[in-house]
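Right, one structure below, let's go through it.
Whatever order the structure lists them in is the order used to number ligands and atoms, beginning at 1. Because only heavy atoms are used, hydrogens play no part in the values below, and waters and symmetry mates are left out as well, while side chains stay in.
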Amino acid sequence: MTSDDYGIREREALTERYPGLDVLVSDPANAQTASRTNLASHLTPREEHYIRTHHRTPDIDADGWTISLTGLVEHETDLSMSELRCEFPTESVVHMMECSGNSRRYFDPDAEGDQWGDGAVGNAVWTGTSVSAVLDEYGAATDGGLWLSAMGGEAPPDKDVFCRSIPMAKVVDDCLLAYEMNGTPMSAEHGFPVRLIVPGWFGNNSVKWVEEIRVMETMVNGEEWTDRNGRDYTQYQQSSYRITPAQDNEPTRHESVDVFSTYDQLTEAVEEVENAYLFDQLVKSLIIAPADDSTLPVSAVELAGIAWSGEERVERIEISTDGGGSWDDAEFVGPDLGPYAPTKFRYVWEPEPGEHTLCSRATDEAGRTQPATLSKPEQELRGIENDQYPWNQKGYGNNAYLPHAITVEVTE
Ligand SMILES: Nc1nc2c(c(=O)[nH]1)N[C@H]1C(S)=C(S)[C@@H](COP(=O)(O)O)O[C@H]1N2
Ligand SMILES: [Mo]
C-alpha cells in the first residue's frame with residue numbers, strides 16, 4: 001500500500017467517524033469543526049471536535065499500556081491503565097480547548113502551516129485522574145518552579161517526540177490524565193487510552209497518548225533530549241509553539257521561565273521571554289448567528305455567539321455593528337459549566353438597511369481584551385502593541401476581533 005492509498009482510505013474513514021469535521025490533512029489526521037454553528041452547542045460532540053496531530057494516530061492496546069512516572073520522585077513507577085482508573089479518585093473538567101494554530105488563515109501574508117479557519121476549537125468534558133494525586137502517591141517533588149514533561153508515545157523512530165513541559169504550579173492545580181471524553185471512552189484520534197488535559201491552555205499542551213511523565217527542574221531543552229534514534233524531544237516545546245516574528249531565525253530557548261501567562265509574555269514580559277510560549281489561551285469570541293454573508297430583512301435580529309479565555313473567565317462581551325466604531329454590551333446566556341467552559345452570548349440588534357460589519361470583543365477578569373487587528377511582518381512586533389496582534393511565522397494565537405468579523409446585508 002502506498003502512502004497515497006493510505007491517505008484516501010484514512011480520509012474516508014475519518015469523515016465517516018467524524019461527520020462534523022472538515023479534513024485539512026488526512027495523514028496525519030488534521031480536521032476542524034465544519035462550521036461555526038457547531039460551536040453553538042454547549043458541549044462539542046466528539047464527532048465535531050477538531051483533531052490536531054503531528055504523527056500518524058497510533059493503534060494502542062490499553063491493557064498493555066503504561067505511563068512511566070520518572071525524574072524527581074521517590075519511587076519511579078509504571079502505571080497501568082487499570083491502576084490509573086481504579087486507585088485514584090475520578091475527576092472531570094469542562095475545557096474549551098483551542099489549537100494555537102486556530103484562525104491562522106487570517107494572517108497576511110500567509111503564516112506557515114495548515115490554514116486553519118475558526119474550527120480548531122471545541123468544548124468537551126474530560127474525565128480521568130488528577131495528576132497531583134499520582135504525584136503525591138509516589139512521592140514526587142511538586143515545588144513551584146519545577147516542570148512536568150509529558151511525552152507522547154506515538155512518534156515513529158524517525159520523527160520527533162511530541163513532548164511538552166508544563167509548570168508544576170499548573171500541574172498540581174488542575175491537570176488531568178484523562179481517559180474519557182464527553183462521558184465515553186476517548187477515541188484514538190483524541191488520545192486513547194490516555195492524554196494530559198491542561199485546562200484553559202492551548203491544545204498543544206494537552207499531550208495525547210502519554211507514555212511518560214517526568215518531574216524536572218527545567219523544561220526539556222538541550223542535546224541530552226535527543227534519544228538514540230536521533231529523535232528530538234525539545235522541538236515542540238522550544239521551537240514550535242513559540243511566537244517568532246519575521247526577523248528571528250529561531251526562537252530563543254529557555255531552561256525555565258517564571259511568567260506563564262501567554263498574554264503577559266506578549267505584553268509586559270516581552271523583553272524577558274522574547275518569543276512567547278503558547279501556554280494559557282488568549283481571550284477570544286466568535287459571532288455564530290447570523291451567518292457571514294447573509295441577507296436579512298429590516299427587523300430585530302438576534303446575534304448569538306461564544307467567547308472563551310485561558311486562566312481567567314470571560315467577564316464582558318461587546319458587540320459592534322459598525323466594524324468596531326462603536327460598542328454595546330451583549331448579555332450572557334446559559335449555565336455556568338466551570339472556569340474553563342465557554343460563555344455564550346446574545347444581543348438584539350435593530351438594523352438599518354445596508355451592509356454592516358458585525359464583530360464581538362471579549363474581555364477577561366484580568367481586564368485583557370481582544371486586540372483589533374493583526375500586524376504585518378515588516379513591523380517586527382514580538383508582542384501585542386497598539387491594539388495589534390503580532391504577525392508570527394507559524395501563525396499562532398490569533399485572537400484579533402476584526403479578522404473574525406462577519407458581513408451582513410440588510411434589505412428593505
Ligand atoms: N502526542 C501528541 N499529543 C498532542 C499532539 C500531537 O501531535 N501528539 N497535538 C497537540 C495539539 S497541537 C493539539 S491542538 C491537541 C489537539 O487535541 P485533539 O486532537 O483531541 O483536538 O493535541 C495536542 N496533543
Ligand atoms: Mo495545536
Side-chain angles (χ1 to χ4, degrees), residues 14 17-18 20-33 38-39 43-58 60 65 67 95-104 111-116 119-126 128 149-156 159-166 175-182 184-213 220 231-233 235-237 239-242 262 277-282 394-398:
L14 258 186
R17 273 182 297 131
Y18 298 94
L21 296 183
D22 271 346
V23 178
L24 277 81
V25 180
S26 53
D27 180 22
N30 283 285
Q32 62 184 333
T33 207
N38 287 353
L39 298 172
L43 287 177
T44 315
R46 180 168 87 185
E47 295 69 28
E48 298 176 4
H49 188 288
Y50 82 95
I51 297 166
R52 168 75 182 110
T53 33
H54 293 267
H55 309 310
R56 195 170 280 184
T57 300
I60 294 173
W65 191 254
I67 301 178
H95 166 39
M96 179 74 163
M97 180 165 74
E98 181 177 21
C99 176
S100 42
N102 194 32
S103 306
R104 178 181 284 147
E112 288 164 30
D114 297 330
Q115 297 296 304
W116 300 93
V121 60
N123 187 45
V125 186
W126 299 97
S149 298
M151 298 156 205
E154 87 285 17
K159 293 273 166 57
D160 295 335
V161 174
F162 194 91
C163 170
R164 292 289 303 181
S165 302
I166 313 294
C175 291
L176 296 184
L177 283 165
Y179 40 77
E180 257 183 25
M181 178 183 189
N182 293 343
T184 53
M186 197 127 41
S187 58
E189 287 76 10
H190 291 300
F192 181 86
V194 60
R195 76 177 301 171
L196 187 67
I197 287 291
V198 185
W201 286 38
F202 282 107
N204 52 283
N205 296 286
S206 288
V207 176
K208 303 192 273 193
W209 314 294
V210 176
E211 71 171 359
E212 181 176 344
I213 50 176
V220 283
R231 299 192 303 183
D232 177 17
Y233 283 64
Q235 164 71 26
Y236 296 107
Q237 180 76 14
S239 189
S240 299
Y241 304 111
R242 305 289 304 279
T262 308
Y277 290 83
L278 277 293
F279 285 169
D280 65 326
Q281 292 169 180
L282 300 168
K394 293 188 176 159
Y396 296 134
N398 174 10

Would you call Arg104 and Asp114 a salt bridge, using N to O less than 4.0 angstrom?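 Not counted as a salt bridge, because no side-chain N and carboxylate O are separated by less than 4.0 Å.
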Could you check whether Arg17 pairs with Glu189 (Lys NZ or Arg NE/NH1/NH2 to Asp/Glu carboxylate O, under 4.0 Å)?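 Yes, Arg17 and Glu189 are salt-bridged.
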Quick one: sort the Tyr236 and Tyr241 rings into parallel, tilted or perpendicular, breaks at 30° and 60°.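 Ring orientation, 0 to 90° scale: tilted.
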Can you report which non-hydrogen protein atom sits closest to [atom], along with the distance?
atom                    : result
atom 15 (C) of ligand 1 : Gly203 O, 3.4 Å
atom 2 (C) of ligand 1  : Glu154 OE2, 3.3 Å
atom 10 (C) of ligand 1 : Phe162 CZ, 3.6 Å

I need the minimum non-hydrogen distance between Val198 and Asn205, along with the two atoms involved. CG2-O, 3.5 Å
Nearest heavy-atom contact between Ser206 and Ile197 is OG-CA, 3.6 Å
Nearest non-hydrogen contact with atom 19 (O) of ligand 1 belongs to which option: Glu189, Lys208, His190?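 It is Lys208 whose heavy atom sits nearest to atom 19 (O) of ligand 1.
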Return yes when [X] approaches ligand 1 closer than 4.0 angstrom through a heavy atom, no otherwise.
X      : result
Arg195 : yes
Met97  : yes
Gly191 : no

Can you check whether [X] has an N/O within less than 3.5 Å of an N/O in ligand 1?
X      : answer
Asn204 : no
Arg52  : yes
Ser206 : yes

Could you list the atoms of ligand 1 found under 4.0 angstrom from a heavy atom of [X]?
X      : result
Thr53  : 7 (O)
His49  : 21 (O)
Gly152 : 1 (N)
Cys99  : 14 (S)
Trp209 : 1 (N), 2 (C), 8 (N)

Point-to-point distance, once rounded to the nearest 0.5 Å, from CZ of Arg231 to SG of Cys163: 11.0 Å
Rounded to the nearest 0.5 angstrom, the CG-OG1 distance for Asn30 and Thr53 is 4.5 Å
Taking C-beta and beyond as the side chain, do Trp116 and Arg52 meet within less than 4.5 Å on heavy atoms? yes
Determine whether the side chains of Asn182 and Arg46 contain a donor N or O and an acceptor N or O closer than 3.5 Å. no
Cut-off 3.5 Å, side chains only: do Ser103 and Asn398 have a donor facing an acceptor? no
CA sep, side-chain torsions, deciding dist, call: Ser187, Tyr18, side-chain hydrogen bond (donor to acceptor under 3.5 Å, both in side chains): CA-CA 10 Å; Ser187 58; Tyr18 298 94; 2.7 Å; yes
Contact partition for Tyr241 relative to ligand 1, non-hydrogen atoms under 4.0 Å: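 Near ligand 1, Tyr241 shows its side chain, while the N, CA, C and O stay back.
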Which one holds for Tyr50 and ligand 1: side chain close, backbone close, both close, or neither close, with close meaning a heavy atom under 4.0 Å?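 Tyr50 to ligand 1: contacts from backbone and side chain alike.
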